[in-house]
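Report on one structure; see the data block that follows.
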Protein chains: 2
Amino acid sequence: MPNNQFKRGELYSVINGMASTAVARRLQKNFRMAGLEITIEQWSVLYHLWKEDCLSQQELCNRTFRDKPSITRLIDNLEKQKLVRRIPSKSDRRINLVCLTDAAQALQSQTIDLANQTMNEALIGVNKEDIEVVKQVFQRVYDNLT
Amino acid sequence: MPNNQFKRGELYSVINGMASTAVARRLQKNFRMAGLEITIEQWSVLYHLWKEDCLSQQELCNRTFRDKPSITRLIDNLEKQKLVRRIPSKSDRRINLVCLTDAAQALQSQTIDLANQTMNEALIGVNKEDIEVVKQVFQRVYDNLT
DNA sequence: GGCATATAGTTAGTTATGCAACTAATTTCA
DNA sequence: TGAAATTAGTTGCATAACTAACTATATGCC
């Protein structure tokens, strides 16, 4: 087996198991230490709604790279916590618009600060050019496979 | 809010949601299409055992970046599928050595080929220097947070 | 108009993850 | 030697992921 094939296997395990979960775990831990009951998955949905409120579930699928059942249940849980509401679209009755509650609006600055602190900590010693390379590689990989 | 903070938030969502899951999904799909019943998580455990057989569960935790309960249950499922066996260590009775069965040995070349094909497809148009940058950034992020 | 097709969302079933609390075996050290 | 601390692994609980199959609404086309 050619040597460079195993190198790609190693890259695979790096991508899937290491840095991303380390960041996710740390951010989750920081939420918990701050007394915030939300998961990072829930936060990632709120993050997109803070940028643009009242998106359809399908649009949240596209923006968070999740499938429809995953979004359905994330919205279920966010609704239980009274952070979002499903509002039926008037123009298309198949569509639910997912809208933030006041409680979710209030969470924004607190969690964004924690996320930024976490990313700052994660990216110590990483220069901006390398971050751009990572983003470009990931976009390319995503485009190659979808 | 300074602009560069949101940029880091975007990087966070890129790392967690996009390229890694795209690779994982594609590899899982390729396993399924080849009639292989294993999950990518199970494969990632086997991958380390193919490199070095009969590791302790703790060592598999370290190498796959998972916690102990996750490894316990992955090994449970791999044992049900008769791909590994737990063998109590003679020198330390707390330790289970996780060893490959013949069936798992036979899976190696087939799945490694699929993984390599998948990575080749994922990495079309990505040059080697950029892959090295990604690996270094991820290692750095991991080291920063652990 | 009406049937085929596509789209939005839900539900069921299996696997996986993280945390906390637990048992059992080993090591440390007073 | 023997109690305290550490290490390896398991179990219970909640959340989340993917697939497949499902309902309901909307669109396309004859």
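Letters A, B, ... mirror the listed sequences (proteins, then strands); counts begin at 1. These numbers come from a predicted model, not from an experiment.
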Strictly distance-based, threshold 3.5 Å: is any side-chain N or O of B:Trp50 a donor or acceptor partner for the main-chain N or O of B:Ala104?
yes

Ignoring hydrogens and geometry, is there a side-chain-to-backbone donor-acceptor pair from A:Glu59 to A:Ser56 under 3.5 Å?
no

Send over the distance from [X] [atom1] to [N] [atom2], rounded to a whole Å.
X	N	atom1	atom2	value
B:Gln81	C:dA16	CD	C1'	13 Å
A:Arg94	C:dT5	CZ	P	17 Å
B:Ile95	C:dA24	CD1	P	18 Å
A:Glu41	D:dA14	CD	C1'	12 Å
A:Leu145	D:dC18	CG	C1'	17 Å
B:Asn96	C:dA25	CG	C1'	12 Å
B:Arg66	C:dG18	CZ	C1'	13 Å
A:Ile38	D:dA16	CD1	P	10 Å

Name the residue from B:Ile124, B:Leu27, B:Val23 that meets the side-chain contact (heavy atoms from CB on, under 4.5 Å) definition with A:Leu145.
B:Val23

Could you tell me whether the side chain of A:Val134 reaches within less than 4.5 Å of the side chain of B:Val134, counting heavy atoms only?
yes

Considering every strand and a 4.0 Å limit on heavy-atom distances, what is the contact class for [X]: base, sugar-phosphate, or nothing?
X	result
A:Gln28	nothing
B:Arg93	sugar-phosphate
B:Leu74	sugar-phosphate
B:Thr72	base
B:Asp67	base
A:Asn77	sugar-phosphate

Assign each of B:Leu97 and A:Gln42 the nucleotide of DNA chain D bearing its closest heavy atom; nearer the 5' end lies the nucleotide of B:Leu97

Given DNA chain D, 5'-ward residue of the pair A:Ser91 and A:Lys80, judged by closest heavy atom
A:Lys80

When only distance counts, do a donor and an acceptor, one from the side chain of A:Arg73 and one from the base of C:dA12, lie under 3.5 Å apart?
yes

Taking atom types as they are modelled, is there a donor-acceptor pair under 3.5 Å from the base of C:dG18 to the side chain of A:Arg26?
no

Tell me which nucleotide among [options] gets nearest to the side chain of [X].
X	options	value
A:Gln58	C:dA12, C:dA8, D:dG12	C:dA8
B:Ser56	D:dT15, D:dG9, C:dT17	D:dG9
A:Asp92	D:dA17, D:dG12, D:dT25	D:dT25
A:Thr39	C:dC19, C:dA16, D:dT15	D:dT15

Students often mix this up, so state it plainly: with edges at 30° and 60°, are the rings of A:Phe65 and A:Tyr142 parallel, tilted or perpendicular?
perpendicular

Exceeds 12 heavy-atom contacts within 6.0 angstrom, atom CG of A:Asp102:
no

Taking only side-chain nitrogens and oxygens of A:Gln57, does any of them come within less than 4.0 Å of OP1 or OP2 of C:dT7?
no

Please compare A:Arg86 and B:Ser70 by the position of their nearest nucleotide in DNA chain C and report the one closer to 5'.
A:Arg86

